[in-house]
Amino acid sequence: MTPGASTRSAYETFLNASCDRLGYGSSIISLLSLAAMEIKVEIPIVRDNGELAIFSGYRVQHQNVRGPCKGGLRYHPEVDLEEVRGLASLMTMKTALADIPLGGGKGGINCDPRKLSLRELETLTRKFVKRIHREIGPNSDIMAPDVGTDARVMGWIHSEYSAIYGHSPAAVTGKPLALGGSAGRDKATGYGIGIVVKEYAERHGIDLKNATAAIQGFGNVGVHAARAFSDLGMKVIAISDSRSAVFRRGGVDIDALMRHKQERGLLSDTEDHEAMDPARLLETECDFLVPAALGDAITAENASRIAARTIVEGANGPVTSEADRMLKERGVPILPDILANAGGVIVSYFEWAQNLQREIWPLDRVDRELERILGKAARDVLDRAAAEKLDMRSAAFDIAASRVKEALDATGF
Ligand code: NAD
């Protein structure tokens, strides 16, 4: 199964189980399962060497009954429609669980951004917006950064969209601050992981001082989760990117690793960090394991070797449904993606709201509001899991699915 198909199939498994518990009929299951709109466009660009290259771009709008579709834009060679579909449906669940007035969407282009020049990337992004601009916007579908995209890409989207519709900062989030981006958006997902872990630890009487963590992924989510953990007094003992990994019993030095990666392109070979096989990172013995790279990191093949006491899904869909079942049997708790990494979409919501109201919030207000909304979502999940004797993913899906159903019912379905 491709990673995309697996994310989609895991979503279907979790959704069907949830609808079963909630006693929902087939029409509601279809509405929660099918996407409202799926767009595929071909995007030809002239490469710097004069050759023509054609990429496929996707945008899936899953549900907008609670608000405009919201979700990231991914640049990765393996992006396909199945993957975008699965990720878009997860966004519907995530925004509903956070109880923010947005729906679910996702997009992607099947390119390797590391192999494109800045000019090629900008041309590709602007052409994608030219192809799909009628279907996106502040009241319909709002993009944000994801794997392989960043604030600069969001800035190009803002500029291209605004050239057609006039100044429209609320059409995209995760923009540079100079273009109406929000304070705190950059760190929001990783910072949110810290908020969720803190709520979980408080509920279960776990002392976070010196608790250990291993993080897979050294991108936006991984780096900011590492910072949030160290602010909580935890030790990140191992961290990896796609080609390298390091271990340090006393806690890795994120700033030093960032400098090292910038200079050498790898995390390993730093003087005071031990190099490790990135494939073994997931097997590190630790209190919290955070897969924060791509989907399908933990599968039936490696689930039995996971040695962490708790898994925190920083990435979207990092645990397949089969691995989820195996880990449940072994009693390894999982803080699910739709809760653990919801900090990003919550601060994206703040950015959208600030842009619509022509407001600029200071960082302390963003952090405070994020703690309020995500802290409540975490407590809702912990409460429901305890009350119904459910694992946290099931509790999270039940809360989210019932909120979407309530909205669908209110529209007259
Ligand atoms: P990113 O592109 O900034 O970073 C991804 C990182 O993963 C890179 O360091 C890359 O080297 C690493 N990686 C890729 N394959 C790997 C492998 N096999 N082993 C170890 N590392 C590997 O992406 P990001 O924005 O940090 O997103 C990471 C995950 O978090 C994705 O699943 C994304 O959908 C999810 N997510 C991101 C946000 C956000 O705000 N950026 C919000 C919610 C969820």
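None of the values given here were measured: they were computed from a predicted structure. One-based numbering, in listed order, for ligands and for the atoms of each. Starting from 1, each residue takes its place in the sequence as its number.
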Item to check | Test item: side-chain donor near acceptor, E371 and Y191, under 3.5 Å | outcome: yes
Checklist entry - Do ligand 1 and D146 have nitrogen or oxygen atoms that lie under 3.5 Å from each other? => result yes
Item to check | Backbone of V153 reached by a side-chain donor or acceptor of T125 within 3.5 Å | outcome: no
Item to check | Nearest protein heavy atom with distance in Å, relative to atom 42 (C) of ligand 1 | outcome: T189 OG1, 3.2 Å
Checklist entry - What are the two closest heavy atoms between A395 and V381, and how far apart are they? => result CB-O, 3.7 Å
Item to check | Heavy-atom gap R243 to ligand 1 smaller than 4.0 Å | outcome: no
Next on the checklist: Return the closest protein heavy atom for atom 15 (N) of ligand 1 as residue, atom name and distance.
Outcome noted: S242 CB, 3.7 Å
Item to check | L294-ligand 1 polar pair, N/O distance under 3.5 Å | outcome: no
Checklist outcome for this item: Filtering T7, N341, N220, V347 for the heavy atom nearest atom 43 (C) of ligand 1 leaves N341
Item to check | Test of ring centre spacing under 6.0 Å for H158 and H167 | outcome: yes
Checklist entry - For R119, does its backbone N or O pair with a side-chain atom of T123 as donor and acceptor, under 3.5 Å? => result yes
Checklist outcome for this item: For R74, the atoms of ligand 1 under 4.0 Å from one of its heavy atoms are 31 (C), 32 (O), 33 (C), 34 (O)
Item to check | Sub-4.0 Å heavy-atom contact, P278 with ligand 1 | outcome: no
Checklist entry - Any donor-acceptor pair under 3.5 Å linking the side chain of T173 with the backbone of W352? => result no
Next on the checklist: Out of all atoms in ligand 1, which are within 4.0 Å of some heavy atom of F218? Include the element for each.
Outcome noted: 6 (C), 9 (O)
Checklist entry - For G344 and ligand 1, does the shortest N/O to N/O distance drop below 3.5 Å? => result no
Item to check | Atoms in ligand 1 flagged as close to G314, the criterion being non-hydrogen separation under 4.0 Å | outcome: 30 (O), 35 (C), 44 (C)
Checklist entry - Can a cation-pi geometry be assigned to K405 and Y24, taking NZ or CZ under 6.0 Å from the six-membered ring centre and within 45° of the ring axis? => result yes
Next on the checklist: If you take the nearest heavy atom of each of G219, A293, G217, which one is closest to atom 28 (C) of ligand 1?
Outcome noted: A293
Next on the checklist: Please work out, at 4.0 Å between heavy atoms, whether the side chain, the backbone, both, or neither of R114 comes within that distance of ligand 1.
Outcome noted: neither
Checklist entry - At under 4.0 Å between heavy atoms, which part of A144 makes contact with ligand 1: side chain, backbone, both or neither? => result neither
Checklist entry - For the residue pair Y200 and F288, does the interplanar ring angle fall in the parallel (under 30°), tilted (30 to 60°) or perpendicular (over 60°) class? => result perpendicular
Checklist entry - Is the closest N or O pair between G222 and ligand 1 shorter than 3.5 Å? => result no
Item to check | Aromatic F14 / basic R393 pairing, under 6.0 angstrom, 45° off normal | outcome: yes
Item to check | Check: N316 N/O within less than 3.5 Å of ligand 1 N/O | outcome: yes
